[in-house]
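Taking it in order: structure first as structure tokens, then the write-up.
Here, residue 1 is the first one in the sequence, and each next residue gets the next number. The figures that follow rest on heavy atoms only: side chains count, while hydrogens, waters and symmetry mates do not.
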Amino acid sequence: MENYQRPKRLRRVQLAVPGSSEKMMAKAAASGADHVFLDLEDAVAPNAKVGARSSIVTALRTLDWGKKTRCVRINDLSTQWAYEDIIHIVEEAGEFVDTIMVPKVMSACDVRFVATLLRQIEKKTGMKRQIGIEALIEEVEAMQEIDNIARADPRLECIIFGAGDYSASQGIDIRSIGGDNGYPGDIWHFARFKLVVAARSAGIDPVDGPFANFKNPDAYREECRRAMILGCVGKWAIHPAQIDVAIDAFSPKPEEVERARKLEAAYAKAEAEGMGSVNIDGIMVDAASVRIVRNIIKKADLIGM
């Protein structure tokens, strides 16, 4: 098995950008998003896909992306474009790419195929840095295989729930998405929950996918909240207007971070004195509760809070 050290990356928001639009890619580079993926798949018409590869290479090589994670979403592996998407992007701009996003992953074999191709290109070009993989879960077959997919290859850093295609795959009524549909609960609860468990058990990031109505920030904020509560690290933005909402939803508040650091310090002191728990402001902190506290601290450290 390959020795790939998964970097810790911020994915509070993943901004989708058409790879055929130089203007939008320039705006994305200047945005406040943690992560930007330049798209060759759904956002690009079939007759523009080949040309968009060169546009993406130019954007990756010439724009100032700051500390953002730079990702390219290729076409799905059942199409004629996918393998040349990877070859063109990585051979021409591999040193400027952090991850490759693979849509409509169906099995662990799909992830391994992309990982193998990346390894070959890196050897051929003499690249010193390795490129990670992000996988989109968009089909019911993939959801059934999600545990195997999540553990498919060390390069896999993240799995993402793509509700749009998934709803078609499961036969969900499109009118039930993104509004008050009368369904008794969150229509995506099971799918999100299953994805988060698979991701966390494999040590990778779970991310929630897009919310189409970017003119409804309140509904988007609620979807962020639901995903965050279950353990997702972030959510897609299909429009810059969604960036700040997602970042706010998936960032701990300063007072939460301050309290978490206080509780951890108090528990460490108690542990050093031979005690298994400590009472802080009327709250009992033990080994189990301090794990939750440390999750907040890890997130704050990654953000730089």
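Between Arg200 and Asp205 no salt bridge is recorded (no basic side-chain N to carboxylate O distance below 4.0 Å). A salt bridge does not link Arg61 with Glu92: none of the charged nitrogens is closer than 4.0 Å to a carboxylate oxygen. Contact check on Arg226 versus Asp186 returns a salt bridge, with a Lys/Arg side-chain nitrogen under 4.0 Å from an Asp/Glu carboxylate oxygen. Contact check on Glu223 versus Arg192 returns a salt bridge, with a Lys/Arg side-chain nitrogen under 4.0 Å from an Asp/Glu carboxylate oxygen. A salt bridge links Arg155 and Glu122; the closest N-O separation between the charged side-chain nitrogens and carboxylate oxygens is under 4.0 Å. Salt bridge annotation for Asp301-Lys298: absent, with no cationic side-chain nitrogen under 4.0 angstrom from a carboxylate oxygen.
The ring pair (Phe, Tyr, Trp, His ring centres under 6.0 Å) pairs that include a residue from residues 126-166 are Phe161-Tyr166, Phe161-Trp188, where partners are two or more places apart or lie in different chains.
In this structure, Asp147 contributes its side chain and Ala198 its backbone to no donor-acceptor pair below 3.5 Å. The main-chain N or O of Pro252 is never found under 3.5 Å from a side-chain atom of Lys299 such that the two would form a donor-acceptor pair. Although no hydrogens or angles enter the test, the distance criterion places a donor-acceptor pair under 3.5 Å between the side chain of Thr79 and the main chain of Asp76. Distance alone, capped at 3.5 Å, places no donor-acceptor pair between the Lys49 side chain and the Trp81 backbone. Checked by atom type and distance alone, the side chain of Glu138 pairs as donor or acceptor with a backbone atom of Lys104 at under 3.5 Å. Between the side chain of Gln242 and the backbone N or O of Ile238 there is at least one donor-acceptor pair closer than 3.5 Å. One N or O on the side chain of Ser169 and one on the backbone of Val140 form a donor-acceptor pair closer than 3.5 Å.
Looking only at side-chain heavy atoms (C-beta outward), Leu15 and Ser31 come within less than 4.5 Å of each other. Annotation: side chain of Ile159 is in contact with side chain of Leu195 (closest heavy-atom distance under 4.5 Å). Using a 4.5 Å heavy-atom threshold, the side chains of Val293 and Ile296 count as separate. Put simply, the side chain of Ile146 does not reach to within 4.5 Å of the side chain of Asn148, judged on heavy atoms. Put simply, the side chain of Phe113 does not reach to within 4.5 Å of the side chain of Val111, judged on heavy atoms. In this structure, His88 and Ser54 have side chains that are in contact, with non-hydrogen atoms separated by less than 4.5 Å. For the pair Lys124 and Ile121, the minimum side-chain heavy-atom distance is 4.5 Å or more. Counting heavy atoms from C-beta outward, Arg151 and Ser201 have side chains that approach closer than 4.5 Å.
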Verdict with supporting geometry, Glu134 and Arg11, salt bridge (charged side-chain N to carboxylate O under 4.0 Å, His left out): CA-CA 11 Å; Glu134 308 190 14; Arg11 289 185 169 94; 3.1 Å; yes

Show, in sequence, the C-alpha distance, side-chain angles and deciding distance for Arg261 and Glu264, and conclude whether the salt bridge (charged side-chain N to carboxylate O under 4.0 Å, His left out) test is met. CA-CA 5 Å; Arg261 295 192 189 281; Glu264 185 190 43; 5.7 Å; no

Stepwise, does the side chain to side chain contact (heavy atoms under 4.5 Å, CB included) test hold for Asp42 with Asp165? CA-CA 11 Å; Asp42 288 349; Asp165 277 296; 4.1 Å; yes

Given Asp98 and Ile131, is the side chain to side chain contact (heavy atoms under 4.5 Å, CB included) satisfied, shown in steps? CA-CA 5 Å; Asp98 297 305; Ile131 294 173; over 6 Å; no

Given side chain to side chain contact (heavy atoms under 4.5 Å, CB included), test Cys232 with Val196 step by step and report yes or no. CA-CA 6 Å; Cys232 285; Val196 171; 3.7 Å; yes

CA sep, side-chain torsions, deciding dist, call: Arg70, Leu60, side chain to side chain contact (heavy atoms under 4.5 Å, CB included): CA-CA 8 Å; Arg70 301 155 297 179; Leu60 287 168; 4.1 Å; yes

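Scanning both residues, Ala219 and Phe211, for their nearest heavy atoms gives CB-CZ, 3.5 Å. Of all the heavy atoms in Val114 and Ile133, the pair that sits closest is CG1-CD1, 3.9 Å. The heavy-atom pair separating Arg6 from Ala202 by the smallest distance is NH1-O, 3.5 Å. In this structure, Cys158 and Gln14 approach most closely via the heavy-atom pair SG-NE2, 4.2 Å. When all heavy atoms are compared, the tightest approach of Asp208 to Lys235 is OD2-NZ, 2.8 Å. Between Val257 and Met305, the shortest heavy-atom distance links the atoms CG2-CE, 3.8 Å.
The structure places NE2 of His189 at 6.0 Å from CG of Leu230, a figure rounded to the nearest 0.5 Å. A distance of 11.0 Å separates CD1 in Ile74 from CD1 in Ile56, rounded to the nearest 0.5 Å. If you take CG on Leu40 and CD on Glu84, they are separated by 12.0 Å, rounding to the nearest 0.5 Å. Interatomic distance, CD of Glu256 versus CD1 of Ile297, reported as 12.0 Å (0.5 Å rounding). Atom-to-atom distance recorded for Arg221:CZ and Arg225:CZ is 11.5 Å, nearest 0.5 angstrom. In this structure, CD1 on Ile243 lies 12.5 Å from NE2 on His35, to the nearest 0.5 angstrom.
Considering Asp39, Asp85, Thr99 in turn, Asp39 is the only one that fulfils the side-chain hydrogen bond (donor to acceptor under 3.5 Å, both in side chains) rule with Arg73.
One hydrophobic cluster holds both Phe96 and Met24 under the rule that ILVMFWY side chains link at heavy-atom gaps under 4.5 Å. Residues Val97 and Leu10 fall into different hydrophobic clusters, defined by Ile, Leu, Val, Met, Phe, Trp and Tyr side chains chained together at heavy-atom separations under 4.5 Å. Val57 and Leu38 end up in the same hydrophobic cluster when Ile, Leu, Val, Met, Phe, Trp and Tyr side chains are linked at under 4.5 Å.
Ile229 shares a hydrophobic cluster with Met228, Phe250; the chain of contacts runs through ILVMFWY side chains whose heavy atoms sit under 4.5 Å apart. Chaining together hydrophobic side chains whose heavy atoms lie under 4.5 Å apart leaves Tyr4 on its own. Hydrophobic cluster membership of Met101, counting Ile, Leu, Val, Met, Phe, Trp and Tyr whose side-chain heavy atoms lie under 4.5 Å apart directly or via other members: Phe37, Leu136, Ile160, Val207, Val233, Trp236.
Arg12 and Ser251 share a donor-acceptor pair across their side chains, judged by distance under 3.5 Å alone.
Within 6.0 Å of atom CZ in Arg129, more than 12 heavy atoms from other residues, nucleotides or ligands are found, so the atom counts as buried in its surroundings. Within 6.0 Å of NZ on Lys253 lie more than 12 heavy atoms contributed by other residues, nucleotides or ligands. More than 12 heavy atoms of other residues, nucleotides or ligands sit less than 6.0 Å from atom CE of Met143. Around the CD atom of Glu258, the shell of radius 6.0 Å holds no more than 12 heavy atoms that belong to other residues, nucleotides or ligands. Counting non-hydrogen atoms of other residues, nucleotides and ligands closer than 6.0 Å to CD of Glu91 gives a total above 12.
With sequence neighbours excluded, no residue satisfies ring-ring contact (aromatic ring centres under 6.0 Å, His included) with Tyr83. Partners of Asp110 according to the side chain to side chain donor-acceptor pair (under 3.5 Å) rule, which considers only residues two or more places apart in sequence or in another chain, do not exist here.
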